A.B. asks: 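Can you keep this structure in mind? I'll have questions shortly.
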Amino acid sequence: ALVVERWFQDAALSAPGLGPCLPHFYVGGAAPARFVIGVWLSRRPPPAYRRLRSALLVSGVAGLLVYATYPTAPPWIGGTGFTDTVAHGSFEGVARPHGLTNHLGAVPSFHVGWVVLVAVVVLPLLRSRVLRVLCVLHPVLMACAVVATGNHWVLDLPAGLALAALGLAGARAVSRVTAGVC
């Protein structure tokens, strides 16, 4: 796997203008984007918001259990020669708030898993073709960004997708249970 990540990071960082954009997308395309989408969904009919909220919660708990039982450092840790492009930006404190992030938490990729969750929930609500295309491209671009910034291994991506699938299944189960209670 080391060869693929190295090639991908080198190719991305050597592309004119792309290298400086990737850390910004890695940071801004994750939590801030989820926050904005969450506010937007909260102002729409409740099922989509509840589905996303439950899927994020279920996948978050599952991902943290994986982090605790299978800690895997990202490529930039360990002297393997990867560049941590996020650390070279002025926003490392935003990307990795002290005391809130786990530097050994690379598997699964929450960045990829959670943008996939958002896309799956939001896509059916969008009517604009442009917004639909952007909604589909967002997880693809995030997958590229997490590898190119040296923050994830390629194998972290399918783990993030599995996390998203687990979150959606969990949200479906929560919805069935709460529908029977109310």
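Since the structure is predicted, the reported quantities are computational estimates derived from the model, not experimental observations.
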A.B. asks: Is there a side-chain contact between Val154 and Phe8 in this structure, where contact means two heavy atoms from C-beta onward sitting under 4.5 Å apart?
C.D. replies: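 They are not in side-chain contact.
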A.B. asks: My understanding is that a hydrophobic cluster links ILVMFWY residues whose side chain heavy atoms are under 4.5 Å apart, including indirect links. Using that, what else belongs to the cluster containing Leu123?
C.D. replies: Val136
A.B. asks: Considering non-hydrogen atoms only, spot the tightest contact between Leu126 and Cys135 and give its length.
C.D. replies: CD1-CB, 3.8 Å
A.B. asks: Within this structure, what is the OG-CD distance for the pair Ser14 and Gln9, rounded to the nearest 0.5 Å?
C.D. replies: 10.5 Å
A.B. asks: List the steps, then state whether side-chain contact (heavy atoms from CB on, under 4.5 Å) holds for Tyr26 with Leu22.
C.D. replies: CA-CA 6 Å; Tyr26 175 83; Leu22 291 169; over 6 Å; no
A.B. asks: Provide the closest heavy-atom pair for Ala33 versus Gly29 in the form atom of the first, atom of the second, distance.
C.D. replies: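 Minimum heavy-atom separation between Ala33 and Gly29: CB-O, 3.6 Å.
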A.B. asks: Out of curiosity, does Trp7 fall in the hydrophobic cluster containing Val4 (side-chain heavy atoms, cut-off under 4.5 Å, transitive links)?
C.D. replies: yes
A.B. asks: With clusters built from Ile, Leu, Val, Met, Phe, Trp and Tyr whose side-chain heavy atoms come within less than 4.5 Å, directly or transitively, what are the remaining members of the cluster of Val140, listed by chain and number?
C.D. replies: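 Its cluster mates, by chain and number: none.
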A.B. asks: Sorted by first residue and then second, give each side chain to side chain donor-acceptor pair (under 3.5 Å) pair with at least one member in residues 119-147; sequence neighbours left out.
C.D. replies: none
A.B. asks: Applying a strict under-4.5 Å side-chain criterion to I, L, V, M, F, W and Y, I'd like to know whether Leu41 and Leu131 cluster together.
C.D. replies: yes
A.B. asks: So if you build clusters from Ile, Leu, Val, Met, Phe, Trp, Tyr with side-chain heavy-atom gaps below 4.5 Å, do Leu168 and Leu125 land together?
C.D. replies: yes
A.B. asks: Please go through Leu13's hydrophobic cluster and name the other residues, only I, L, V, M, F, W, Y counting, with side-chain heavy atoms under 4.5 Å joining them.
C.D. replies: none
A.B. asks: Using side chain to side chain contact (heavy atoms under 4.5 Å, CB included) as the criterion, point out the one residue from Leu163, Leu155, Leu157 that pairs with Pro108.
C.D. replies: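 When side chain to side chain contact (heavy atoms under 4.5 Å, CB included) is applied between Pro108 and each of Leu163, Leu155, Leu157, only Leu163 qualifies.
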A.B. asks: Does one hydrophobic cluster hold both Leu166 and Val120, with members joined at side-chain heavy-atom distances below 4.5 Å?
C.D. replies: no
A.B. asks: Do Leu141 and Leu161 sit in the same hydrophobic cluster, where Ile, Leu, Val, Met, Phe, Trp and Tyr count as joined when their side-chain heavy atoms come under 4.5 Å apart?
C.D. replies: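 Hydrophobic grouping puts Leu141 with Leu161.
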A.B. asks: Please, which pairs that meet side chain to side chain donor-acceptor pair (under 3.5 Å) have at least one residue in residues 155-172, sequence neighbours excluded?
C.D. replies: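 Counting only pairs at least two positions apart or across chains, the side chain to side chain donor-acceptor pair (under 3.5 Å) contacts touching residues 155-172 are His152-Asp156.
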A.B. asks: Which pairs would a plain distance check flag for residues 44-62, meaning a side-chain donor or acceptor within less than 3.5 Å of a matching protein atom at least two apart in sequence or in another chain?
C.D. replies:
from: Ser54; atom 1: OG; to: Arg50; atom 2: O; distance (Å): 3.0
from: Ser59; atom 1: OG; to: Ala55; atom 2: O; distance (Å): 2.7
from: Ser59; atom 1: OG; to: Leu56; atom 2: O; distance (Å): 3.2
from: Ser59; atom 1: OG; to: Trp114; atom 2: NE1; distance (Å): 2.7

A.B. asks: To check you understand the geometry: which heavy-atom pair defines the closest contact between Leu117 and Ala164, and what is its length?
C.D. replies: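 So the minimum-distance heavy-atom pair works out to CD2-O, 3.3 Å.
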A.B. asks: Quick one: list whatever passes side chain to side chain contact (heavy atoms under 4.5 Å, CB included) with Pro139, sequence neighbours left out.
C.D. replies: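 Scan of Pro139 (side chain to side chain contact (heavy atoms under 4.5 Å, CB included), adjacent residues dropped) gives Val115, Val116, Ala119.
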